[in-house]
Amino acid sequence: MSGLVLKLSPKERVLINGAVIENGDRRSRLSIMTPDANILRLRDAIHPEDATTPVRRACFAVQLILSGDSGAEKASQALLRQVEDLSQVFLDADSRLILTEASDAIIAGQYYRVLKSLRRLLAREDRLFAVRGN
């Protein structure tokens with residue numbers, strides 16, 4: 001079996017092709033077999049007004065692709081540039097590995113992997129801004 005597997009918590013919401021779906025009272029598992037379905041977990045969603053930092057803006061751009069609000073082909077080039085810009089700031093080996101994973105996933109069109117990778121940088125970015133603000 002291939003495709004995306006979503007494991008949903010009770011009452012968790014997910015956006016599928018523009019429709020908000022809410023899970024019932026129990027954990028569930030959905031297999032999405034349609035390869036081009038636009039899917040976004042709402043718990044992972046970043047609101048536009050919260051996309052105020054470089055990593056959050058990159059995550060938001062991926063989110064627009066996953067929700068179907070932005071075309072993957074056009075947005076992927078801009079997203080690659082954003083990841084390249086991030087590589088100028090995150091210089092440690094672990095962050096560079098994460099950014100390489102994100103770039104590879106963009107090239108492969110695997111936007112869930114891109115989002116998962118970039119989200120790993122959010123806490124690091126928060127720490128950088130905290131140090132810079134002091």
Side-chain angles (χ1 to χ4, degrees):
M1 177 171 78
S2 64
L4 178 67
V5 176
L6 291 175
K7 296 177 184 175
L8 301 174
S9 300
K11 300 295 183 185
E12 184 174 355
R13 292 180 180 182
V14 63
L15 181 71
I16 301 177
N17 288 341
V20 176
I21 309 295
E22 183 176 271
N23 190 28
D25 293 330
R26 297 182 181 176
R27 294 183 62 79
S28 64
R29 178 180 161 132
L30 299 173
S31 296
I32 309 298
M33 303 308 292
T34 304
D36 296 327
N38 296 313
I39 301 167
L40 176 66
R41 286 178 182 270
L42 294 182
R43 73 175 183 199
D44 293 335
I46 294 176
H47 294 278
E49 62 273 4
D50 295 331
T52 57
T53 64
V55 175
R56 281 180 173 72
R57 283 192 290 274
C59 287
F60 185 73
V62 177
Q63 174 181 306
L64 292 176
I65 294 170
L66 290 173
S67 68
D69 292 322
S70 183
E73 292 173 15
K74 184 177 178 182
S76 64
Q77 292 302 317
L79 191 54
L80 278 171
R81 283 191 294 278
Q82 285 178 293
V83 170
E84 177 61 30
D85 290 345
L86 291 172
S87 71
Q88 304 301 313
V89 176
F90 292 96
L91 302 175
D92 63 284
D94 190 45
S95 296
R96 304 285 274 183
L97 180 62
I98 291 169
L99 291 167
T100 299
E101 289 171 4
S103 294
D104 292 346
I106 293 167
I107 292 166
Q110 297 177 338
Y111 296 102
Y112 296 101
R113 257 185 51 209
V114 177
L115 186 59
K116 184 178 179 182
S117 294
L118 291 176
R119 288 180 65 82
R120 292 170 47 202
L121 294 174
L122 288 172
R124 294 167 197 221
E125 181 183 56
D126 289 343
R127 286 191 299 273
L128 285 173
F129 277 110
V131 168
R132 185 175 175 209
N134 290 335

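Numbering of residues begins at 1 and proceeds along the displayed sequence. This structure is a prediction, so every number in the text was calculated from the model and none was measured.
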- Taking atom CG of L30 and atom CD1 of I21, what is their separation to the nearest 0.5 Å? 9.0 Å
- Query: If you round to the nearest 0.5 Å, how far is CG of L115 from CD of Q63?
  - Reply: 7.5 Å
- Greater than 12 external heavy atoms within 6.0 Å of D92's CG: yes
- Query: Going from CG on L40 to CG on N17, what distance comes out if it is rounded to the nearest 0.5 angstrom?
  - Reply: 12.0 Å
- Query: Okay, side chain of N23, backbone of S9: is any donor-acceptor separation there less than 3.5 Å?
  - Reply: yes
- Sole candidate of Q88, R81, Q82 that passes side-chain hydrogen bond (donor to acceptor under 3.5 Å, both in side chains) when paired with E84: Q88
- Message: Using a strict threshold of under 4.0 Å (side-chain N to carboxylate O), is an ion pair present between K116 and D44?
- Response: no
- Message: Go through it in stages, so that I can follow the logic: the residues are D104 and R113, the test is side chain to side chain contact (heavy atoms under 4.5 Å, CB included), and I'd like the CA-CA distance, side-chain angles, deciding distance and then a yes or no.
- Response: CA-CA 9 Å; D104 292 346; R113 257 185 51 209; 4.1 Å; yes
- Gap separating the CD1 atom of I65 from the OG atom of S76, nearest 0.5 angstrom: 6.5 Å
- Is there a side chain to side chain contact (heavy atoms under 4.5 Å, CB included) between L99 and L121 once you walk through the steps? CA-CA 9 Å; L99 291 167; L121 294 174; 3.5 Å; yes
- Task: Kindly compute the distance separating SG (C59) from CG (D50), expressed to the nearest 0.5 Å.
- Result: 12.0 Å
- Looking only at atom types and distance, does a side-chain atom of R13 sit under 3.5 Å from a main-chain N or O of R41, one as donor and one as acceptor? no
- If you round to the nearest 0.5 Å, how far is OG of S67 from CG of L15? 6.5 Å
- Task: Could you walk me through whether I98 and R124 pass side chain to side chain contact (heavy atoms under 4.5 Å, CB included), step by step?
- Result: CA-CA 12 Å; I98 291 169; R124 294 167 197 221; 3.9 Å; yes
